[in-house]
Amino acid sequence: MWTNWSGGQQCRLTATVRPLDDSGVSAVVRRAAERGQTVRPVGAGHSFSALTVTDGVHVDLSAFRGVTASGGDPARPTVRVRAGTTLGELHDELATRGLALDAPLELAAPTVGGALAVGMHGSGPSRGSLSAAVARLRLVDGRGRLRDVAAADLDAARTSLGALGVVLEAELAVVPAGRVRVTREPRPVEEVLRSDFWSAHPVVEAAVFPSASTALTRWADPLTDAADDEDDGEEEAGERSLGVTVAGATGRTALGGAVVVERALPRLVPRFNRAVSRLARTVSASGPMHRVLSSPPAVRYEQTEWALPRAGLAAAARELLAALADDHLEVGLPVRLRVGAPESGWLHPAHDRATAWVAVRVPRHTDHGPVLERAWRVLRAHGGRPHWASRSDWTVEDTVAAYPRYPDFCRVRDDYDPDRVFTTPPLAAVLGD
């Protein structure tokens with residue numbers, strides 16, 4: 001039995017195969033195709049959607065790890081990394097080479113292949129997702145052929161939901177490593193919703209409880225003066241989590257307390273959340289971006305996240321927060337707000353538009369349905385496209401309407417997987433057969 005990180009998705013597989021090299025992956029795909037089985041590449045299982053659910057074969061690329069080369073133009077360096085490498089491993093390996101990802105990705109457990117497949121992103125007005133960094137991809141297609149993705153097909157493959165093949169290696173654009181100062185600070189919600197807040201820093205985000213008037217914000221600015229770089233900011237991992245550093249308690253304790261309250265006395269959740277927001281204090285830390293932005297989850301949860309036109313963030317957030325508060329759907333985890341640059345990937349939720357990301361989370365082992373469904377209705381009405389890794393009620397008809405390059409993606413899909421070896425019912429529900 002395979003289970004994802006949150007425990008909300010499960011499946012009984014025919015097999016989980018862990019090939020050791022490219023030819024092994026090709027053999028797995030060919031054998032499955034001959035037997036009429038579906039194949040799904042699987043990473044760390046951090047997605048909340050059903051995209052990896054199958055009764056067929058999982059391809060586990062945990063043997064495909066490490067940075068295999070670095071190079072490119074000195075002004076525009078690149079690295080080649082194997083798809084089973086975790087983001088934490090990638091960050092550490094890049095640091096030894098004096099390099100870093102431009103996209104501030106805070107989770108360490110997801111794999112490079114999984115993060116690319118669903119368009120994993122950070123938060124910054126001019127920063128794209130990991131998919132935006134892709135310069136080249138190598139994969140095994142639906143007929144077991146090893147292929148370097150053609151330049152003309154790259155925007156289909158950089159965020160493909162695993163529909164084109166098993167990605168083995170990616171060449172990624174990187175930047176020289178630097179140090180940043182990260183600040184966490186409580187601010188009035190209305191001040192945060194104003195657009196100038198989101199353009200004031202290269203990395204910026206916020207978390208808001210529906211009943212609270214104070215938002216919990218975090219931003220990062222580069223350090224350019226060595227004199228300003230004395231504090232290494234070695235806070236414990238729990239305190240680095242956005243918006244939950246409270247006087248006299250770690251963020252992990254605050255979130256854990258919120259979840260306990262929610263399960264035992266749900267009517268007290270709004271009061272508890274308002275107290276957390278009022279007690280939050282301003283703190284700062286400095287160091288390499290991937291370290292000081294690291295936010296290991298304090299609790300496990302289910303999530304829906306949607307990409308909205310950035311200009312509509314304030315209106316959508318106000319309506320969503322009011323709806324959750326008025327319908328008594330507030331939980332012990334805040335609504336998370338982030339921003340991102342337009343993406344070229346044909347199926348990336350931020351395709352061709354400056355984006356605001358809105359995530360609603362519900363602790364696992366609680367009834368997440370009413371909260372997430374309410375969020376779906378509000379965020380869909382504001383032009384949202386769901387993050388492919390999150391839960392949603394999205395359909396193939398929605399995909400056709402929301403993604404202008406969908407026909408082009410289908411053309412590439414017909415070339416790379418004409419027999420639909422990689423297609424399962426959950427994938428067909430959002431991409432078609």
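Everything numeric here is computed off the predicted structure, so don't read it as measured data.
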Next on the checklist: I'd like to know whether Arg361 forms a salt bridge (Lys or Arg N to Asp or Glu O under 4.0 Å) with Glu305, so could you lay out the CA-CA distance, the side-chain angles of the two residues, the decisive distance to 0.1 Å, and finally the verdict.
Outcome noted: CA-CA 8 Å; Arg361 300 169 290 172; Glu305 182 173 26; over 6 Å; no
Next on the checklist: Between Ser123 (side chain only) and Val204 (backbone N and O only), is there a donor and an acceptor less than 3.5 Å apart?
Outcome noted: yes
Item to check | Contact check, side chains of Trp219 and Val182, non-hydrogen atoms, under 4.5 Å | outcome: no
Checklist entry - Are the side chains of Leu13 and Val57 in touch, meaning some heavy atoms are under 4.5 Å apart? => result no
Checklist entry - Hey, is the main chain of Gly66 close enough, under 3.5 Å, to the side chain of Thr85 for a donor-acceptor pair? => result yes
Checklist entry - Do Arg291 and Asp92 meet the salt-bridge criterion of a basic N to acidic O distance under 4.0 Å? => result yes
Checklist entry - Do any N or O atoms from the side chain of Arg82 and from the backbone of Thr68 form a donor-acceptor pair under 3.5 angstrom? => result no
Next on the checklist: Between His121 and Trp357, is the ring pair (Phe, Tyr, Trp, His ring centres under 6.0 Å) condition met? List the steps.
Outcome noted: CA-CA 9 Å; His121 63 93; Trp357 298 93; 3.7 Å; yes
Checklist entry - Between Asp417 and Arg143, is the closest basic N to carboxylate O distance under 4.0 Å? => result no
Checklist entry - Do NZ/NE/NH1/NH2 and the carboxylate oxygens of Arg374 and Asp327 come within less than 4.0 Å? => result yes
Checklist entry - Hey, mind stepping through Arg138 and Glu169 against salt bridge (Lys or Arg N to Asp or Glu O under 4.0 Å) and telling me if it holds? => result CA-CA 5 Å; Arg138 169 174 275 198; Glu169 186 177 69; 5.4 Å; no
Item to check | Spacing of CG belonging to Asp221 relative to OG1 belonging to Thr183, to within rounding of 0.5 Å | outcome: 7.0 Å
Checklist entry - With distance as the sole criterion, is a donor-acceptor pair present between the side chains of His58 and Thr52 under 3.5 Å? => result no
Checklist entry - Does a side-chain heavy-atom distance below 4.5 Å link Trp198 with Leu337? => result yes
Checklist entry - Judged by atom type as modelled, is there a donor-acceptor pair below 3.5 Å linking the side chain of His351 to the main-chain atoms of Gly345? => result yes
Next on the checklist: Can you confirm whether Arg65 sits close enough to Val81 that some side-chain heavy atom of one is under 4.5 Å from a side-chain heavy atom of the other?
Outcome noted: no
Checklist entry - Is Asp352 close to Glu343 at the side-chain level, that is, under 4.5 Å between some pair of heavy atoms? => result no
Checklist entry - Can you tell if the side chain of Thr355 reaches within under 4.5 Å of the side chain of Arg310, non-hydrogen atoms only? => result no
Item to check | Spacing of CG belonging to Leu379 relative to OG belonging to Ser392, to within rounding of 0.5 Å | outcome: 11.0 Å
Item to check | Gap between atom OG1 of Thr111 and atom CZ of Phe64 - 0.5 Å precision | outcome: 12.5 Å
Checklist entry - Taking the side chain from Thr217 and the backbone from Glu185, do they hold a donor-acceptor pair closer than 3.5 Å? => result yes
Item to check | Minimum-distance pair of heavy atoms, taken over all atoms of Pro418 and Asp414 | outcome: CB-O, 3.2 Å
Checklist entry - Side-chain donor-acceptor pair under 3.5 Å between Trp388 and Thr159, yes or no? => result no
Next on the checklist: Would Asp155 and Phe409 count as a side-chain contact (heavy atoms from CB on, under 4.5 Å) here? Give the steps.
Outcome noted: CA-CA 9 Å; Asp155 281 336; Phe409 181 88; over 6 Å; no
Next on the checklist: For the CG atom of Asp415 and the CG atom of Asp141, what is their distance to the nearest 0.5 Å?
Outcome noted: 7.5 Å
Checklist entry - Is the NZ or CZ atom of Arg385 both under 6.0 Å from the centre of the six-membered ring of Tyr403 and within 45° of that ring's axis? => result yes
Item to check | 4.5 Å side-chain heavy-atom contact, Arg145 and Ser26 | outcome: no
Checklist outcome for this item: Heavy-atom closest pair (Ala157 atom, Leu137 atom, distance to 0.1 Å) is O-CD1, 3.5 Å
Item to check | Check: Arg158 side chain, Val134 main-chain N or O, donor-acceptor pair, under 3.5 Å | outcome: yes
Checklist entry - Could you go step by step and tell me if Val166 and Leu139 meet the side-chain contact (heavy atoms from CB on, under 4.5 Å) rule? => result CA-CA 5 Å; Val166 181; Leu139 55 74; 5.8 Å; no
Next on the checklist: Run Ser49 and Arg391 through side-chain contact (heavy atoms from CB on, under 4.5 Å) and show every step you take.
Outcome noted: CA-CA 5 Å; Ser49 71; Arg391 286 182 174 270; 5.9 Å; no
Checklist entry - Going by distance alone, is a donor N or O of one side chain under 3.5 Å from an acceptor N or O of the other, for Ser294 and Glu106? => result no
Item to check | Axial cation check for Tyr301 ring with Arg364, 6.0 Å and 45° limits | outcome: no
Checklist entry - Is the backbone N or O of Pro386 less than 3.5 Å from a side-chain atom of Ser390, with the two atoms forming a donor-acceptor pair by type? => result no
Next on the checklist: Using side-chain hydrogen bond (donor to acceptor under 3.5 Å, both in side chains), reason through Trp2 and Thr16 one step at a time and then give a plain yes or no.
Outcome noted: CA-CA 9 Å; Trp2 174 86; Thr16 297; over 6 Å; no
Next on the checklist: Check for me whether the distance between the ring centres of His387 and Trp306 falls short of 6.0 Å.
Outcome noted: no
Next on the checklist: Rounded to the nearest 0.5 Å, what separates atom CG in Leu161 from atom CZ in Arg413?
Outcome noted: 9.0 Å
Checklist entry - Above 12 or not: heavy atoms from other molecules or residues under 6.0 Å from CG of Asp73? => result yes
Item to check | Nearest heavy atoms of Ala307 and Pro349, plus distance in Å | outcome: CB-O, 3.6 Å
Checklist entry - When rounded to the nearest 0.5 angstrom, what is the spacing between CG in Leu90 and CG in Leu101? => result 5.0 Å
Item to check | Close side-chain approach of Pro77 to Ser70, heavy-atom, < 4.5 Å | outcome: no
Checklist entry - Does any N or O in the side chain of Thr423 come within less than 3.5 Å of the main-chain N or O of Asp433, such that one atom is a donor and the other an acceptor? => result no
Checklist entry - Do Glu397 and Thr395 get their side chains close enough for a donor-acceptor pair, meaning under 3.5 Å? => result yes
Next on the checklist: Counting only heavy atoms not in Arg353 (residues, nucleotides, ligands), do more than 12 fall under 6.0 Å from its CZ?
Outcome noted: yes
Checklist entry - Is it true that a side-chain atom of Asp102 and a backbone atom of Ala173 form a donor plus acceptor pair closer than 3.5 Å? => result no
Next on the checklist: Whether the side chain of Glu191 engages the backbone of Pro188 through a donor-acceptor N/O pair (distance < 3.5 Å, no angle test) should be reported.
Outcome noted: no
Checklist entry - So Glu93 and Arg97, salt bridge (Lys or Arg N to Asp or Glu O under 4.0 Å) or not? Walk me through it. => result CA-CA 7 Å; Glu93 178 66 22; Arg97 299 167 186 250; 3.0 Å; yes
Next on the checklist: Show the nearest heavy-atom pair for residues Ala44 and Ala109, with the distance to one decimal.
Outcome noted: CB-O, 3.4 Å
Item to check | Pair Arg318-Leu320, side-chain contact (heavy atoms from CB on, under 4.5 Å): steps then yes or no | outcome: CA-CA 6 Å; Arg318 289 188 189 103; Leu320 175 64; over 6 Å; no
Next on the checklist: Check for me whether Arg147 meets the cation-pi criterion with Tyr416, that is, NZ or CZ under 6.0 Å from the six-membered ring centre and within 45 degrees of the ring axis.
Outcome noted: yes
Next on the checklist: Using every non-hydrogen atom in the two residues, find where Arg184 and Ala285 come nearest and quote the distance to one decimal.
Outcome noted: NH2-CB, 4.1 Å
Next on the checklist: Checking side-chain polar atoms at under 3.5 Å, does Thr424 have a donor or acceptor matched by the opposite partner on Thr54?
Outcome noted: no
Item to check | Val53 to Gln9 - nearest heavy-atom pair and separation | outcome: CG2-OE1, 3.8 Å
